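Please read these numbers as outputs of a predicted model, since none were measured by experiment. As a basis for the values below, the full set of heavy atoms in this structure was taken, side chains included, without hydrogen atoms, waters or symmetry mates. We count residues from 1, following the sequence as given.
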Amino acid sequence: MTNPKPESEAETSVTEPISTEPAPEATEPPPVAPPAFPVRRPPSNVGWAVASLLVFWPLAFSAFTHALNVFPLWSEGDAEGAQHASHRARWLGIVSLCVGGALIVLFGALYLILLIVMIHHGHHHHGFSGGQPPRMRRG
């Protein structure tokens, strides 16, 4: 058998009334002051993405992705992300122009070397300068 609780113990188990005193206020961070200059939406730099598409297309996919993410990020309130996407699109466009320009110069130089080699070999062996044509040998 269990012993019944004494009345004094039963009275102490009753919950205490809720205090009407205000709880200590949590310290709020100081309000962020607006910047002294007006914040403007960064440029999307789609032009650099188009240039990368025309000159060196492998970088164009990433450039377009970043350029087209500027406005959605800005409208969501992510100014830092929009600025990063804008800078990245511009950087990829510039890198694309540099790589594409270097490849054009390289291919031009190789074409010129090939042309010079072909002219050099063709002039000495098979040129017609008014003499007899080369003879065909029978096997």
Side-chain angles (χ1 to χ4, degrees):
M1 277 204 223
T2 59
N3 294 337
K5 291 183 181 180
E7 290 184 28
S8 63
E9 197 176 308
E11 290 175 6
T12 57
S13 67
V14 176
T15 58
E16 296 181 16
I18 298 176
S19 172
T20 56
E21 297 177 16
E25 293 183 24
T27 57
E28 294 181 18
V32 178
F37 56 91
V39 178
R40 299 176 64 190
R41 180 176 58 118
S44 63
N45 290 317
V46 174
W48 285 109
V50 171
S52 68
L53 179 67
L54 296 175
V55 179
F56 189 67
W57 65 267
L59 291 178
F61 298 112
S62 183
F64 268 110
T65 300
H66 287 290
L68 297 176
N69 279 338
V70 172
F71 182 72
L73 288 170
W74 180 260
S75 64
E76 291 173 0
D78 187 6
E80 186 177 323
Q83 188 70 32
H84 173 72
S86 174
H87 285 300
R88 190 70 168 192
R90 183 175 187 266
W91 183 79
L92 286 169
I94 291 171
V95 168
S96 173
L97 285 177
C98 292
V99 169
L103 287 175
I104 289 171
V105 168
L106 177 69
F107 288 138
L110 290 176
Y111 181 76
L112 186 62
I113 291 171
L114 179 68
L115 189 63
I116 291 172
V117 167
M118 287 178 65
I119 290 173
H120 178 70
H121 285 296
H123 179 68
H124 290 292
H125 299 290
H126 302 292
F128 293 106
S129 60
Q132 291 182 347
R135 292 187 179 183
M136 300 292 287
R137 293 185 186 188
R138 292 186 180 179

A.B. asks: With side chain to side chain donor-acceptor pair (under 3.5 Å) as the criterion, how do H84 and E80 come out once you've worked through the C-alpha distance, each side chain's angles and the decisive distance to 0.1 Å?
C.D. replies: CA-CA 6 Å; H84 173 72; E80 186 177 323; over 6 Å; no

A.B. asks: Is L106 linked to L115 within one hydrophobic cluster, defined over Ile, Leu, Val, Met, Phe, Trp and Tyr using a side-chain heavy-atom separation of less than 4.5 Å?
C.D. replies: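 L106 and L115: separate clusters.
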
A.B. asks: If you look at every heavy atom in P72 and S75, which pair is closest and at what distance?
C.D. replies: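 P72 and S75 have their closest heavy atoms at O-OG, 2.9 Å.
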
A.B. asks: Can you tell me how far CG of L73 sits from CG of L68, rounded to the nearest 0.5 angstrom?
C.D. replies: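 It comes to 11.0 Å.
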
A.B. asks: How close do A49 and A60 get, counting heavy atoms only, and between which atoms?
C.D. replies: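 Scanning both residues completely, I find the closest heavy atoms to be O-CB, 4.3 Å.
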
A.B. asks: How close do P42 and Q83 get, heavy atom to heavy atom, and via which atoms?
C.D. replies: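 Nearest pair, atom of P42 first, then Q83: CB-OE1, 3.3 Å.
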
A.B. asks: Determine the minimum heavy-atom distance between A82 and V70, stating which atoms define it.
C.D. replies: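 Shortest heavy-atom separation between A82 and V70 comes out as CB-O, 3.6 Å.
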
A.B. asks: Considering the options F64, F61, W48, which one meets the side chain to side chain contact (heavy atoms under 4.5 Å, CB included) requirement together with L53?
C.D. replies: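 Only one option passes, and that is F64.
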
A.B. asks: Report whether F56 and V105 are members of the same hydrophobic cluster (ILVMFWY, side-chain heavy atoms less than 4.5 Å apart, transitive linking).
C.D. replies: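 No, separate clusters.
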
A.B. asks: What residues join V117 in its hydrophobic cluster, counting side-chain heavy atom gaps under 4.5 Å, either direct or through other members?
C.D. replies: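 Members other than V117 - counting any ILVMFWY side chain reachable under 4.5 Å - are I113.
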
A.B. asks: With a 4.5 Å heavy-atom cut-off, do L92 and S52 have their side chains touching?
C.D. replies: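 No - every pair of side-chain heavy atoms lies 4.5 Å or more apart.
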
A.B. asks: For the atom pair CZ (R88) and CG (N45), what is the distance rounded to the nearest 0.5 Å?
C.D. replies: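 Rounded to the nearest 0.5 Å, the CZ-CG separation comes out at 13.5 Å.
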
A.B. asks: Quick one: pull up CH2 in W91 and CG in L59 and give me the separation to the nearest 0.5 Å.
C.D. replies: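 Here the interatomic distance stands at 8.0 Å.
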
